[in-house]
Amino acid sequence: DTAVSQTPKYLVTQMGNDKSIKCEQNLGHDTMYWYKQDSKKFLKIMFSYNNKELIINETVPNRFSPKSPDKAHLNLHINSLELGDSAVYFCASGFSYEQYFGPGTRLTVT
Amino acid sequence: GENVEQHPSTLSVQEGDSAVIKCTYSDSASNYFPWYKQELGKRPQLIIDIRSNVGEKKDQRIAVTLNKTAKHFSLHITETQPEDSAVYFCAASSGTGNQFYFGTGTSLTVIP
């Protein structure tokens, strides 16, 4: 059940701060993703990394930057946090057509 | 790019009744259509999927149908149970670059 893991599970921080969310997968998948789920439950893809190379960037603010030190990890760095960044962030990993989500990180910006 | 629409946004059914959720997509290159179930406070989990070379797929009480010509696919849940209550997402992917496009979700409530 820990195939895709994220830390931390909850993150509460103030506006203007910089924070990071870590993601790791042990499935040996080639592709990892970051999604943002807002209060209305909409799931929006933010980034996708295929074997350490960015292949999607869905026009998110450049305050968000994904970093992939290796195929098993995709971390999300967020600079100058804003109130509107409050959401649940899901990491996912995939192979071919399938995709598996991590448990999510609930980010609250105050 | 792909655009996936999902209806209805909320659905309430009596326990034991059937539930149907419908999605349409715009990109004829999409060839993989998964359905995810997200329980409150949990991660989305894949419950069933279908590829474009198949018209219907069934797994116990859930089934998915695909009409490629009309570009729509549906999730059918029979004999609903309270534990089926969750938000359900459809998605479409062409496989190219592994891009997934999600619908806006359907909140299903099964009334005991």
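Keep in mind the model is a prediction, meaning the values are calculated, not measured.
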*asked:* For the CD atom on B:Q60, are there more than 12 heavy atoms of other groups (residues, nucleotides or ligands in this structure) within a distance under 6.0 Å?
replied: no
*asked:* Check this for me: A:L83, atom CG, are more than 12 non-hydrogen atoms of other residues, nucleotides or ligands nearer than 6.0 Å?
replied: yes
*Decide if atom CG of B:D59 counts as having more than 12 heavy atoms of other residues, nucleotides or ligands within a radius under 6.0 Å.*
yes
*So do B:R43 and A:Y100 actually touch side chain to side chain, heavy atoms under 4.5 Å?*
no
_Test ring pair (Phe, Tyr, Trp, His ring centres under 6.0 Å) on A:Y35 and B:F100; report intermediate values, then the result._
CA-CA 11 Å; A:Y35 288 87; B:F100 284 77; 7.8 Å; no
*Do you reckon B:F33 sits in the same ILVMFWY cluster as B:V87, going by side-chain contacts under 4.5 Å, direct or chained?*
no
_So for atom CD, which belongs to B:E79, do other residues, nucleotides or ligands contribute more than 12 heavy atoms lying within a distance under 6.0 Å?_
no
_Nearest 0.5 angstrom please: B:T104 OG1 to A:K40 NZ, how far?_
11.0 Å
*Might you point out which heavy atoms bring B:Q38 and A:F90 nearest each other, and give the distance in Å?*
NE2-CZ, 3.4 Å
_As an exercise, state the distance from CD of A:Q37 to CZ of B:F89, rounded to the nearest 0.5 Å._
5.0 Å
_Cluster link B:L46 to B:I48, ILVMFWY, side chain under 4.5 Å_ = no
*Tell me, for B:P34 versus chain A, whether the close heavy atoms (under 4.5 Å) come from the side chain, the backbone, both or neither.*
neither
*Decide yes or no on side chain to side chain contact (heavy atoms under 4.5 Å, CB included) for B:Y32 and A:Q99, but give the supporting numbers first.*
CA-CA 11 Å; B:Y32 175 66; A:Q99 184 175 204; over 6 Å; no
